[in-house]
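Working notes, beginning with the structure itself.
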There are 2 protein chains.
Amino acid sequence: MVRAGLTTERLVRAGAELADEVGFDQVTVSALARRFDVKTASLYSHLKSSQDLKTRIALLALAELADRAAEALAGRAGKDALVAFADVYRDYALAHPGRYTAARYPLDPETAAASAGVRHAQLTRAILRGYDLAEPDQTHAVRLLGSVFHGYVSLEAAGGFSHSAPPLL
Amino acid sequence: MVRAGLTTERLVRAGAELADEVGFDQVTVSALARRFDVKTASLYSHLKSSQDLKTRIALLALAELADRAAEALAGRAGKDALVAFADVYRDYALAHPGRYTAARYPLDPETAAASAGVRHAQLTRAILRGYDLAEPDQTHAVRLLGSVFHGYVSLEAAGGFSHSAPPLL
DNA sequence: GGGGCTTCCTAAAGCCATTAGGCAAATTCC
DNA sequence: GGAATTTGCCTAATGGCTTTAGGAAGCCCC
(Lines give C-alpha, C1' and ligand atoms only; values in the text may rest on other atoms or scores of the structure.)
Protein backbone atom coordinates (compact mmCIF):
# COMPACT_ATOMS: atom_id res chain seq x y z
CA MET A 1 0.00 0.00 0.00
CA VAL A 2 1.49 3.28 -1.07
CA ARG A 3 1.37 6.10 1.42
CA ALA A 4 -0.25 9.35 0.56
CA GLY A 5 2.25 11.48 2.41
CA LEU A 6 -0.19 13.50 4.41
CA THR A 7 0.91 16.31 6.64
CA THR A 8 -1.04 18.95 8.46
CA GLU A 9 0.59 21.50 6.20
CA ARG A 10 -0.53 19.83 2.99
CA LEU A 11 -3.99 19.19 4.32
CA VAL A 12 -4.51 22.80 5.27
CA ARG A 13 -3.24 24.00 1.92
CA ALA A 14 -5.50 21.60 0.08
CA GLY A 15 -8.33 22.61 2.35
CA ALA A 16 -7.83 26.22 1.35
CA GLU A 17 -7.96 25.28 -2.33
CA LEU A 18 -11.06 23.27 -1.71
CA ALA A 19 -12.62 26.25 0.04
CA ASP A 20 -11.97 28.44 -2.97
CA GLU A 21 -13.47 25.84 -5.25
CA VAL A 22 -16.60 24.78 -3.40
CA GLY A 23 -17.01 27.31 -0.63
CA PHE A 24 -15.60 27.38 2.85
CA ASP A 25 -18.61 25.79 4.51
CA GLN A 26 -18.40 22.86 2.13
CA VAL A 27 -14.93 22.11 3.39
CA THR A 28 -15.22 18.87 5.24
CA VAL A 29 -12.83 16.30 6.57
CA SER A 30 -14.48 13.72 4.33
CA ALA A 31 -14.15 15.82 1.20
CA LEU A 32 -10.54 16.51 1.99
CA ALA A 33 -9.87 12.80 2.49
CA ARG A 34 -11.50 12.07 -0.86
CA ARG A 35 -9.22 14.56 -2.51
CA PHE A 36 -6.23 12.68 -1.18
CA ASP A 37 -7.78 9.33 -1.97
CA VAL A 38 -7.55 8.31 1.60
CA LYS A 39 -10.01 7.22 4.25
CA THR A 40 -11.56 9.95 6.34
CA ALA A 41 -10.28 8.61 9.62
CA SER A 42 -6.73 8.90 8.38
CA LEU A 43 -6.81 12.65 8.57
CA TYR A 44 -7.36 12.57 12.28
CA SER A 45 -3.70 11.88 12.89
CA HIS A 46 -2.98 15.27 11.39
CA LEU A 47 -6.02 17.23 12.43
CA LYS A 48 -7.71 17.37 15.80
CA SER A 49 -11.16 17.89 14.38
CA SER A 50 -13.17 19.46 11.66
CA GLN A 51 -13.03 22.72 13.55
CA ASP A 52 -9.30 22.42 13.81
CA LEU A 53 -9.11 22.16 10.05
CA LYS A 54 -11.25 25.21 9.53
CA THR A 55 -9.33 27.20 12.08
CA ARG A 56 -6.07 26.36 10.38
CA ILE A 57 -7.43 27.40 7.02
CA ALA A 58 -8.59 30.63 8.60
CA LEU A 59 -5.13 31.28 10.01
CA LEU A 60 -3.57 30.55 6.64
CA ALA A 61 -5.87 33.03 4.96
CA LEU A 62 -5.26 35.70 7.56
CA ALA A 63 -1.53 35.30 7.15
CA GLU A 64 -1.68 35.45 3.37
CA LEU A 65 -3.85 38.50 3.52
CA ALA A 66 -1.56 40.24 5.98
CA ASP A 67 1.45 39.44 3.81
CA ARG A 68 -0.15 40.95 0.76
CA ALA A 69 -1.35 43.97 2.65
CA ALA A 70 2.09 44.59 4.11
CA GLU A 71 3.68 44.34 0.71
CA ALA A 72 1.14 46.65 -0.88
CA LEU A 73 1.66 49.22 1.81
CA ALA A 74 5.41 49.36 1.48
CA GLY A 75 6.43 52.80 0.30
CA ARG A 76 2.93 54.21 0.27
CA ALA A 77 1.21 56.64 2.53
CA GLY A 78 -2.01 58.56 2.88
CA LYS A 79 -4.72 58.02 0.36
CA ASP A 80 -2.37 55.98 -1.77
CA ALA A 81 -1.88 53.52 1.02
CA LEU A 82 -5.58 53.40 1.73
CA VAL A 83 -6.44 52.55 -1.84
CA ALA A 84 -3.72 49.94 -2.07
CA PHE A 85 -4.94 48.37 1.13
CA ALA A 86 -8.50 48.23 -0.09
CA ASP A 87 -7.42 46.74 -3.38
CA VAL A 88 -5.60 43.96 -1.62
CA TYR A 89 -8.70 42.93 0.28
CA ARG A 90 -10.90 43.21 -2.71
CA ASP A 91 -8.58 41.27 -4.98
CA TYR A 92 -8.00 38.59 -2.43
CA ALA A 93 -11.71 38.17 -1.80
CA LEU A 94 -12.40 37.85 -5.49
CA ALA A 95 -9.52 35.53 -6.25
CA HIS A 96 -9.95 33.41 -3.13
CA PRO A 97 -13.54 33.59 -1.98
CA GLY A 98 -13.27 30.50 0.17
CA ARG A 99 -10.15 31.71 1.88
CA TYR A 100 -11.64 35.14 2.41
CA THR A 101 -14.66 33.60 4.06
CA ALA A 102 -12.29 31.49 6.11
CA ALA A 103 -10.52 34.62 7.27
CA ARG A 104 -13.73 35.60 9.03
CA TYR A 105 -14.15 32.28 10.74
CA PRO A 106 -14.64 32.93 14.45
CA LEU A 107 -11.53 32.18 16.44
CA ASP A 108 -11.31 31.87 20.15
CA PRO A 109 -9.55 34.83 21.75
CA GLU A 110 -6.18 33.18 22.35
CA THR A 111 -5.99 31.86 18.81
CA ALA A 112 -6.98 35.23 17.42
CA ALA A 113 -4.39 37.00 19.51
CA ALA A 114 -1.71 34.72 18.13
CA SER A 115 -2.94 35.07 14.57
CA ALA A 116 -2.04 37.38 11.75
CA GLY A 117 -5.20 39.30 12.60
CA VAL A 118 -3.05 41.35 14.91
CA ARG A 119 -0.89 42.38 11.96
CA HIS A 120 -4.00 43.55 10.14
CA ALA A 121 -4.81 45.90 12.95
CA GLN A 122 -1.27 47.20 13.00
CA LEU A 123 -1.29 47.78 9.29
CA THR A 124 -4.53 49.67 9.49
CA ARG A 125 -3.10 51.85 12.20
CA ALA A 126 -0.03 52.45 10.10
CA ILE A 127 -2.16 53.79 7.29
CA LEU A 128 -4.01 56.09 9.61
CA ARG A 129 -0.78 57.47 10.95
CA GLY A 130 -0.71 59.65 7.87
CA TYR A 131 -4.01 61.15 8.89
CA ASP A 132 -2.86 62.47 12.19
CA LEU A 133 -5.66 61.11 14.31
CA ALA A 134 -5.40 61.04 18.06
CA GLU A 135 -6.95 58.41 20.23
CA PRO A 136 -9.77 57.56 20.60
CA ASP A 137 -10.52 58.75 17.07
CA GLN A 138 -7.83 56.51 15.72
CA THR A 139 -9.44 53.43 17.15
CA HIS A 140 -12.75 54.52 15.76
CA ALA A 141 -11.16 55.01 12.39
CA VAL A 142 -9.59 51.56 12.49
CA ARG A 143 -12.95 50.04 13.14
CA LEU A 144 -14.66 52.12 10.55
CA LEU A 145 -12.15 51.09 7.95
CA GLY A 146 -12.56 47.47 8.89
CA SER A 147 -16.30 47.88 8.60
CA VAL A 148 -16.20 49.53 5.24
CA PHE A 149 -13.75 47.14 3.68
CA HIS A 150 -15.34 44.04 4.98
CA GLY A 151 -18.82 45.25 4.30
CA TYR A 152 -18.03 46.27 0.77
CA VAL A 153 -16.06 43.19 -0.04
CA SER A 154 -18.57 40.77 1.37
CA LEU A 155 -21.45 42.47 -0.37
CA GLU A 156 -19.56 42.35 -3.62
CA ALA A 157 -18.61 38.74 -3.13
CA ALA A 158 -22.12 37.72 -2.14
CA GLY A 159 -23.55 38.25 -5.54
CA GLY A 160 -21.55 40.86 -7.34
CA PHE A 161 -23.95 43.51 -6.11
CA SER A 162 -26.60 41.72 -8.04
CA HIS A 163 -29.21 41.79 -5.30
CA SER A 164 -28.79 38.10 -4.75
CA ALA A 165 -28.23 38.19 -1.07
CA PRO A 166 -27.50 41.50 0.60
CA PRO A 167 -30.09 42.68 3.06
CA LEU A 168 -28.48 46.05 3.08
CA LEU A 169 -28.44 47.43 -0.37
CA MET B 1 -51.59 10.62 20.80
CA VAL B 2 -51.87 14.38 21.21
CA ARG B 3 -50.88 16.44 18.23
CA ALA B 4 -48.23 19.08 18.51
CA GLY B 5 -49.95 21.55 16.24
CA LEU B 6 -47.07 22.24 13.94
CA THR B 7 -47.32 24.78 11.19
CA THR B 8 -44.68 26.24 8.95
CA GLU B 9 -45.30 29.55 10.63
CA ARG B 10 -44.67 28.27 14.12
CA LEU B 11 -41.66 26.29 13.03
CA VAL B 12 -40.04 29.30 11.43
CA ARG B 13 -40.72 31.46 14.44
CA ALA B 14 -39.27 28.84 16.77
CA GLY B 15 -36.36 28.45 14.40
CA ALA B 16 -35.65 32.15 14.70
CA GLU B 17 -35.67 31.92 18.47
CA LEU B 18 -33.42 28.95 18.32
CA ALA B 19 -31.06 30.88 16.09
CA ASP B 20 -30.85 33.68 18.61
CA GLU B 21 -30.17 31.22 21.37
CA VAL B 22 -27.62 28.91 19.83
CA GLY B 23 -26.53 30.60 16.63
CA PHE B 24 -27.99 30.47 13.18
CA ASP B 25 -25.71 27.75 11.90
CA GLN B 26 -26.73 25.53 14.79
CA VAL B 27 -30.31 25.69 13.62
CA THR B 28 -31.15 22.26 12.42
CA VAL B 29 -34.28 20.35 11.57
CA SER B 30 -33.45 17.87 14.30
CA ALA B 31 -32.96 20.53 16.94
CA LEU B 32 -36.22 22.16 15.98
CA ALA B 33 -38.03 18.85 16.18
CA ARG B 34 -36.58 18.27 19.62
CA ARG B 35 -37.89 21.63 20.73
CA PHE B 36 -41.38 20.58 19.74
CA ASP B 37 -40.93 17.14 21.20
CA VAL B 38 -41.63 15.59 17.89
CA LYS B 39 -39.77 13.28 15.53
CA THR B 40 -37.51 14.92 12.99
CA ALA B 41 -39.30 13.45 10.02
CA SER B 42 -42.52 15.11 11.09
CA LEU B 43 -41.22 18.53 10.19
CA TYR B 44 -40.87 17.57 6.57
CA SER B 45 -44.57 17.98 6.03
CA HIS B 46 -44.13 21.66 6.80
CA LEU B 47 -40.65 22.30 5.49
CA LYS B 48 -39.13 21.24 2.24
CA SER B 49 -35.65 20.90 3.61
CA SER B 50 -33.13 22.24 6.01
CA GLN B 51 -32.32 24.95 3.50
CA ASP B 52 -35.95 25.82 3.22
CA LEU B 53 -36.09 26.34 6.97
CA LYS B 54 -33.06 28.59 6.94
CA THR B 55 -34.35 30.57 4.02
CA ARG B 56 -37.63 31.16 5.77
CA ILE B 57 -35.88 32.31 8.90
CA ALA B 58 -33.84 34.65 6.77
CA LEU B 59 -36.96 36.08 5.19
CA LEU B 60 -38.54 36.55 8.59
CA ALA B 61 -35.51 38.42 9.84
CA LEU B 62 -35.36 40.61 6.75
CA ALA B 63 -39.00 41.52 7.14
CA GLU B 64 -38.65 42.31 10.83
CA LEU B 65 -35.65 44.47 10.15
CA ALA B 66 -37.36 46.32 7.36
CA ASP B 67 -40.38 46.94 9.58
CA ARG B 68 -38.27 48.39 12.31
CA ALA B 69 -36.25 50.48 9.93
CA ALA B 70 -39.36 51.87 8.30
CA GLU B 71 -40.80 52.79 11.64
CA ALA B 72 -37.60 54.40 12.83
CA LEU B 73 -37.38 56.45 9.69
CA ALA B 74 -40.88 57.85 9.90
CA GLY B 75 -40.68 61.59 10.39
CA ARG B 76 -36.93 61.78 10.25
CA ALA B 77 -34.61 63.08 7.59
CA GLY B 78 -30.97 63.76 6.97
CA LYS B 79 -28.46 62.86 9.60
CA ASP B 80 -31.24 62.12 12.02
CA ALA B 81 -32.63 59.46 9.74
CA LEU B 82 -29.20 58.04 9.15
CA VAL B 83 -28.49 57.65 12.82
CA ALA B 84 -31.90 56.14 13.48
CA PHE B 85 -31.37 53.68 10.66
CA ALA B 86 -28.00 52.66 11.96
CA ASP B 87 -29.37 52.22 15.45
CA VAL B 88 -32.05 49.89 14.21
CA TYR B 89 -29.51 47.60 12.61
CA ARG B 90 -27.23 47.72 15.55
CA ASP B 91 -29.95 47.07 18.10
CA TYR B 92 -31.44 44.29 16.08
CA ALA B 93 -28.10 42.60 15.62
CA LEU B 94 -27.40 42.77 19.33
CA ALA B 95 -30.83 41.66 20.44
CA HIS B 96 -31.20 38.98 17.78
CA PRO B 97 -27.79 37.81 16.70
CA GLY B 98 -29.11 34.62 15.16
CA ARG B 99 -31.74 36.41 13.17
CA TYR B 100 -29.27 39.03 12.06
CA THR B 101 -26.96 36.33 10.80
CA ALA B 102 -29.95 34.74 9.11
CA ALA B 103 -30.68 37.99 7.35
CA ARG B 104 -27.41 37.54 5.53
CA TYR B 105 -28.12 34.01 4.47
CA PRO B 106 -27.59 33.74 0.71
CA LEU B 107 -30.86 33.68 -1.16
CA ASP B 108 -31.30 32.76 -4.76
CA PRO B 109 -32.11 35.78 -6.93
CA GLU B 110 -35.85 35.20 -7.26
CA THR B 111 -36.31 34.69 -3.54
CA ALA B 112 -34.24 37.77 -2.81
CA ALA B 113 -36.22 39.85 -5.24
CA ALA B 114 -39.43 38.84 -3.51
CA SER B 115 -38.01 39.44 -0.05
CA ALA B 116 -38.03 42.41 2.26
CA GLY B 117 -34.47 43.01 1.12
CA VAL B 118 -35.94 45.19 -1.55
CA ARG B 119 -37.54 47.39 1.08
CA HIS B 120 -34.17 47.83 2.71
CA ALA B 121 -32.75 49.20 -0.47
CA GLN B 122 -35.70 51.54 -0.85
CA LEU B 123 -35.35 52.79 2.69
CA THR B 124 -31.68 53.44 2.22
CA ARG B 125 -32.43 55.42 -0.90
CA ALA B 126 -35.05 57.36 0.98
CA ILE B 127 -32.51 58.45 3.53
CA LEU B 128 -30.12 59.57 0.87
CA ARG B 129 -32.77 61.63 -0.79
CA GLY B 130 -32.05 64.24 1.82
CA TYR B 131 -28.48 64.38 0.64
CA ASP B 132 -29.23 65.37 -2.87
CA LEU B 133 -27.10 62.81 -4.62
CA ALA B 134 -27.50 62.14 -8.31
CA GLU B 135 -26.96 58.76 -9.89
CA PRO B 136 -24.62 57.02 -10.04
CA ASP B 137 -23.37 58.53 -6.81
CA GLN B 138 -26.59 57.58 -5.10
CA THR B 139 -26.12 53.93 -5.90
CA HIS B 140 -22.57 54.14 -4.64
CA ALA B 141 -23.81 55.73 -1.48
CA VAL B 142 -26.40 53.03 -0.97
CA ARG B 143 -23.71 50.42 -1.23
CA LEU B 144 -21.33 52.28 0.95
CA LEU B 145 -23.95 52.61 3.65
CA GLY B 146 -24.74 48.94 3.41
CA SER B 147 -21.06 48.19 3.71
CA VAL B 148 -20.49 50.39 6.69
CA PHE B 149 -23.53 49.25 8.61
CA HIS B 150 -23.05 45.61 7.99
CA GLY B 151 -19.34 45.77 8.50
CA TYR B 152 -19.64 47.64 11.75
CA VAL B 153 -22.45 45.56 13.08
CA SER B 154 -20.89 42.25 12.23
CA LEU B 155 -17.59 43.24 13.69
CA GLU B 156 -19.25 44.35 16.85
CA ALA B 157 -21.32 41.21 17.03
CA ALA B 158 -18.38 38.95 16.34
CA GLY B 159 -16.73 39.61 19.63
CA GLY B 160 -17.75 43.01 20.84
CA PHE B 161 -14.68 44.49 19.20
CA SER B 162 -12.67 42.39 21.55
CA HIS B 163 -10.23 41.11 18.96
CA SER B 164 -11.82 37.71 19.10
CA ALA B 165 -12.41 37.25 15.43
CA PRO B 166 -12.17 40.21 13.12
CA PRO B 167 -9.44 40.01 10.54
CA LEU B 168 -9.98 43.65 9.79
CA LEU B 169 -9.39 45.63 12.88
C1' DG C 1 16.82 -8.10 9.01
C1' DG C 2 14.42 -7.01 13.12
C1' DG C 3 12.61 -3.37 16.61
C1' DG C 4 9.94 0.68 16.84
C1' DC C 5 7.71 4.76 15.32
C1' DT C 6 4.62 6.52 11.96
C1' DT C 7 1.00 6.31 8.68
C1' DC C 8 -2.95 4.72 7.10
C1' DC C 9 -6.86 1.34 7.49
C1' DT C 10 -10.98 -1.18 9.41
C1' DA C 11 -14.67 -1.01 12.56
C1' DA C 12 -18.06 1.21 14.96
C1' DA C 13 -21.10 4.62 17.20
C1' DG C 14 -23.58 8.95 16.98
C1' DC C 15 -25.88 12.73 14.85
C1' DC C 16 -28.14 15.06 10.86
C1' DA C 17 -30.99 15.12 6.42
C1' DT C 18 -34.29 13.08 3.78
C1' DT C 19 -37.77 9.79 1.72
C1' DA C 20 -41.51 6.30 1.82
C1' DG C 21 -45.28 4.39 3.73
C1' DG C 22 -48.61 3.63 7.75
C1' DC C 23 -51.91 4.58 11.49
C1' DA C 24 -54.60 7.61 14.08
C1' DA C 25 -56.71 12.05 14.93
C1' DA C 26 -59.25 15.86 13.17
C1' DT C 27 -62.51 17.48 9.97
C1' DT C 28 -66.23 17.11 6.81
C1' DC C 29 -70.44 15.56 5.24
C1' DC C 30 -74.62 12.94 5.31
C1' DG D 1 -73.62 10.66 15.45
C1' DG D 2 -71.08 8.06 12.49
C1' DA D 3 -68.64 7.23 7.98
C1' DA D 4 -65.44 9.01 4.77
C1' DT D 5 -61.63 11.78 3.94
C1' DT D 6 -57.97 14.54 4.83
C1' DT D 7 -54.10 15.68 7.50
C1' DG D 8 -50.52 15.13 11.03
C1' DC D 9 -47.18 12.68 13.10
C1' DC D 10 -44.83 8.22 13.46
C1' DT D 11 -41.81 4.16 12.19
C1' DA D 12 -38.37 2.52 9.24
C1' DA D 13 -34.56 2.97 6.42
C1' DT D 14 -30.71 5.04 3.68
C1' DG D 15 -26.75 7.74 3.26
C1' DG D 16 -23.40 11.31 4.66
C1' DC D 17 -20.20 13.53 8.04
C1' DT D 18 -17.52 13.25 12.53
C1' DT D 19 -14.92 11.12 15.68
C1' DT D 20 -12.65 7.33 18.54
C1' DA D 21 -10.23 2.92 19.11
C1' DG D 22 -7.32 -0.41 17.76
C1' DG D 23 -4.76 -3.01 14.09
C1' DA D 24 -1.44 -3.74 10.30
C1' DA D 25 1.80 -2.39 7.02
C1' DG D 26 5.59 0.98 5.60
C1' DC D 27 9.86 3.17 6.85
C1' DC D 28 14.18 4.12 9.39
C1' DC D 29 18.07 2.88 11.84
C1' DC D 30 21.00 -0.14 14.16
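Residue numbering restarts at 1 for every chain, and letters A, B, ... go by the order of the sequence lines.
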Does [X] place a side-chain N or O at less than 4.0 Å from the phosphate oxygens OP1/OP2 of [N]?
{"X": "S42(A)", "N": "dT7(C)", "result": "no"}
{"X": "R34(B)", "N": "dC15(C)", "result": "no"}
{"X": "H46(A)", "N": "dC8(C)", "result": "yes"}
{"X": "S45(A)", "N": "dC8(C)", "result": "no"}
{"X": "S50(A)", "N": "dT18(D)", "result": "yes"}
{"X": "T40(B)", "N": "dA17(C)", "result": "no"}

Subject >> Rounded distance [0.5 Å steps], NZ in K54(B) versus CZ in F24(B) >> reply: 6.0 Å

Going by an N to O cut-off under 4.0 Å, is there a salt bridge joining [X] and [Y]?
{"X": "R76(B)", "Y": "E71(B)", "value": "no"}
{"X": "E17(A)", "Y": "R13(A)", "value": "no"}
{"X": "D67(A)", "Y": "R119(A)", "value": "yes"}

Original post:
For T28(A) and K48(A), take the nucleotide of DNA chain D holding the closest heavy atom to each; which residue's nucleotide lies nearer the 5' end?
Top reply: T28(A)

Nearest whole angstrom, please: distance from the [atom2] of [N] to the [atom1] of [X].
{"X": "L32(A)", "N": "dT19(D)", "atom1": "CG", "atom2": "C1'", "result": "15 Å"}
{"X": "L43(B)", "N": "dC16(C)", "atom1": "CG", "atom2": "P", "result": "12 Å"}
{"X": "D52(B)", "N": "dT19(C)", "atom1": "CG", "atom2": "P", "result": "11 Å"}

**OP:** Would you mind classifying the nucleic acid contact of S49(B) as base, sugar-phosphate or nothing, using non-hydrogen atoms under 4.0 angstrom?
**Re:**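 The residue S49(B) makes sugar-phosphate contact but no base contact.
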
Counting side-chain heavy atoms from C-beta on, which of [options] comes nearest to [X]?
{"X": "Y44(A)", "options": "dT11(D), dA17(C), dT20(D)", "value": "dT20(D)"}
{"X": "K39(A)", "options": "dC16(C), dT11(D), dC9(C)", "value": "dC9(C)"}
{"X": "A41(B)", "options": "dC16(C), dA20(C), dT19(D)", "value": "dA20(C)"}

**OP:** Only one of R68(A), H120(A), H150(A) passes side chain to side chain donor-acceptor pair (under 3.5 Å) with Y89(A); say which it is.
**Re:**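 Testing Y89(A) for a side chain to side chain donor-acceptor pair (under 3.5 Å) against R68(A), H120(A), H150(A) leaves exactly one candidate, H120(A).
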
